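Before any comments, here is the structure.
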2 protein chains.
Amino acid sequence: MNRAGNPTISDVAARAGVSVPTVSRVLTGAARVSPAKRELVEAAIADLGYRPSAAARALVSRKPQTIAIIAGNTSRYGYAETIRGIEIAARAEGYTVMITVVESADEDEVDRAIEATLTQPLAGVAVLKFDPAGVAALGKIPGHLPVVALSGVREPDTAQAVLDEAAAAEELTDYLLGLGHRTVHHVRVPPSRKVDGRTTGWRRALRRAGADIPPVLDATWDPKSGIAIGRALAADPAVTAVFCGNDEIAMGVMRGITEAGLRIPGDISVAGFDDNPLAELWTPPLTTARQDFATLGRRGFQLLLDAVNDTADRRYSTERPQLVIRDSTAPPSPERGPAGA
Amino acid sequence: MNRAGNPTISDVAARAGVSVPTVSRVLTGAARVSPAKRELVEAAIADLGYRPSAAARALVSRKPQTIAIIAGNTSRYGYAETIRGIEIAARAEGYTVMITVVESADEDEVDRAIEATLTQPLAGVAVLKFDPAGVAALGKIPGHLPVVALSGVREPDTAQAVLDEAAAAEELTDYLLGLGHRTVHHVRVPPSRKVDGRTTGWRRALRRAGADIPPVLDATWDPKSGIAIGRALAADPAVTAVFCGNDEIAMGVMRGITEAGLRIPGDISVAGFDDNPLAELWTPPLTTARQDFATLGRRGFQLLLDAVNDTADRRYSTERPQLVIRDSTAPPSPERGPAGA
DNA sequence: GTGAAAGCGCTAACAG
DNA sequence: CTGTTAGCGCTTTCAC
């Protein structure tokens, strides 16, 4: 019995009438134990409600069963779902999950957060590279620790699971262009770096089609920031289609457009990105690209596990978000566009 | 140097030319060290990039700096925000956070999850008692471990932080009644137990006003489950006001009502609960009760910390959600209601 | 197969 | 103030 009142391995050994290493053997299955003693040990474990100490185990075996997730945020839709995916996969493999939030890319803050985390006995680290904070954090992880980056720009030296946002954004923009829009305006969410997959894909489609490339409009993560942008967009008669960096911003933009007295998709088509669970319920239901964040998380954990076990056959995993066409997009109205007004 | 390539405390001691305990002393600040040696040690720590091992520390000092959060879900709005609140408060106090998800109240699953968690050296546990899984998990935590329950029914023997949902639901129902509605229908989200604060407050207001108490309608956590309910509600001419267990369900219900050809709030008023960030952007903007989950999480962590340090002056903390009146509610239309049709 | 002995990295007495 | 001595709870040699 230790001070916390928990039975220890030697309590179990005493009760079973065997040595401590024997108990350890039935616990780990590392070596064979006679059925008789094994049974004795198991009974003692059950009687005492014994639970091995992860701290002691990690200390001596150097095989921690904990992974850390480093994220810039835990409650926004994409982040939360990705974390959920990692957690589910980790739990299935017997790993416990630790969460560290890095709210900004501020060097001190990143250092402090990483420092606190690395103090733990960790099998590996998963970094959500969705924002500058994630990018900064990734750079601070010591090289000897297995790491996987989730999303973001391609990392040369790190295992990485991504969603091919650029391809999906390109497809979505193509679809809008195919509807007859002369060009597509773009509202961006805060990018993790200078380059942003969604913006890149959008630009690529426009360029390929020989369409005008309007200046990018920047929103914050707060959906309300889309309202003013929506109003401004509505005031410009050249605007007939808008592609937003995520569904929440699209919802704000739609509200701004509606408040300005225009209709969606009658006057302006609006598309989002992510397929937030509420996108489908919106009025009108939102056209978007479905990002399967939970699967991203699962794939990421698999890559991390491969790195931990050194069984990495591939270190990169990508998946393409699916276009989901609903009612917020339609062919342009004849009254609007560069010709009209 | 250990096998993982990390410097250990004895590497630091060697490099600084002092004994291991002296290094420990500068690390913990437990005893005074001469400025000269302290400087030597600090230099060695910096040179080596030394980081103390939390496993070894927890093992010997019995003061783990980790808390576990047990939750039935991590990505739904209320859960995610609460977790975020706990994490922020914990980080500020130097605690690391571990997350354990218990997806169902299934005994085996709860046991497995708790088991894995308790293996870690833990200072305490915060349980999100939002659902049956949380309730089941709370019952399994060994008594000697500091615990705080977040939300849910009052716990006699546990520190607990709650949001007074019953009072807020009552206020919201009163408001609807005050608008002139004969009664208010209620769509419930899955309750954590038989009693549910939101439902209780709604019933209390109705009873106090001497209004009819219509049967409760049950939705799942999926916002889409509200659609069919909304359609059914629209088909009943006696329905003029609906109070939904959360904003997401309200959005589904509103869509069902709209699809049935009725208008909100013209024909039916709809109110939600929580004040999801998107509630304000909805069409029409949703009347709801704002639940400050992040603060709930912070208060919960404070209570847990008090329990850990045994400085608990109070073991219960409650806060009342604020009514947020927007455009989805209005006086009843003369064409509907028990008199009309 | 099984026990005795050693030691993971660290902090807590205990001398001095 | 500082070094020496123990020992946390567990796994890993290494004999037998």
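Keep in mind that what you see is a predicted model, and the values were worked out from it rather than measured. What you see below is based on every heavy atom in this structure, not just the backbone, and it leaves out hydrogens, waters and symmetry mates. Here is the naming used below: chain letters follow the sequence lines, and residue numbers restart at 1 for every chain.
Spacing between atom NZ of A:Lys63 and atom P of D:dG9 amounts to 21 Å, rounded to whole angstrom units. Taking atom CD1 on B:Ile45 and atom P on C:dC10, their separation rounds to 10 Å, with Å as the unit. As a whole-Å value, the separation of A:Asp11 CG from D:dC8 C1' is 13 Å. Rounded to an integer number of Å, the gap from B:Arg32 CZ to D:dT2 C1' is 13 Å. One atom, CZ of A:Arg25, and another, C1' of D:dT11, lie 10 Å apart when rounded to the nearest Å. If you measure from atom CD of B:Glu39 to atom P of D:dT2, you get 13 Å, rounded to the nearest angstrom. Rounded to whole angstrom, the span from the CD1 atom of B:Ile9 across to the P atom of C:dG7 amounts to 18 Å. Taking atom OH of B:Tyr50 as the reference point, atom C1' of C:dG9 lies 7 Å away to the nearest angstrom.
Residue contacts shown for B:Val20 include a base, since a base heavy atom lies under 4.0 Å away.
You'll find that the side chain of A:Leu59 is closest to C:dC8, out of C:dC10, D:dT2, C:dC8. The A:Val60 side chain lies nearest to D:dC10 when the options are C:dA12, C:dG3, D:dC10. Here the nucleotide nearest the side chain of B:Ser19, chosen from D:dT12, C:dG9, D:dT4, is D:dT4. Closest contact between the side chain of B:Lys37 and the listed nucleotides D:dT2, C:dT2, C:dC10 involves D:dT2. Between C:dG9, C:dT11, D:dG3, one nucleotide has an atom nearer to the side chain of B:Arg57 than all others, and that is C:dT11. Of the candidate nucleotides C:dG9, D:dC10, D:dT2, C:dG9 has the atom nearest to the side chain of B:Ser53.
Taking the six-membered ring for Trp and the full ring otherwise, A:Phe301 and A:Tyr95 have centroids separated by under 6.0 Å.
Between B:Arg112 and B:Glu109 there is no salt bridge, since no side-chain N of the basic residue sits under 4.0 Å from a carboxylate O of the acidic one. Between A:Glu81 and B:Arg76, none of the side-chain N atoms (NZ, or NE/NH1/NH2) sits under 4.0 Å from a carboxylate O, so this pair counts as no salt bridge. For the pair A:Arg91 and B:Glu103, the salt-bridge criterion is met [side-chain N within less than 4.0 Å of a carboxylate O]. Taking the charged nitrogens against the carboxylate oxygens, B:Glu115 and B:Lys140 have no contact shorter than 4.0 Å, which rules out a salt bridge.
Here A:Thr22 reaches the OP1 or OP2 of C:dG3: one of its side-chain N or O atoms lies under 4.0 Å away. Taking 4.0 angstrom as the limit, B:Ser24 places a side-chain polar atom (N or O) nearer than this to OP1 or OP2 of C:dT11. At the phosphate of D:dC10, neither OP1 nor OP2 sits under 4.0 Å from any side-chain N or O atom of A:Ser61.
Closest-nucleotide positions on DNA chain C for B:Ala30 and A:Pro35 were compared, and the one nearer the 5' end corresponds to A:Pro35.
Of the residues in residues 112-122 of chain A, not one comes within less than 4.0 Å of DNA chain C through any heavy atom.
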As a quick check of understanding, evaluate side chain to side chain contact (heavy atoms under 4.5 Å, CB included) for A:Leu128 and A:Ile83, giving each step before the final call. CA-CA 9 Å; A:Leu128 268 52; A:Ile83 291 170; 4.0 Å; yes
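Side-chain contact of A:Tyr79 with A:Asp131: a donor-acceptor pair under 3.5 Å is present, judged by distance alone.
Geometric assessment of A:Arg154 against the ring of A:Tyr316 yields a positive cation-pi assignment under the 6.0 Å and 45° thresholds.
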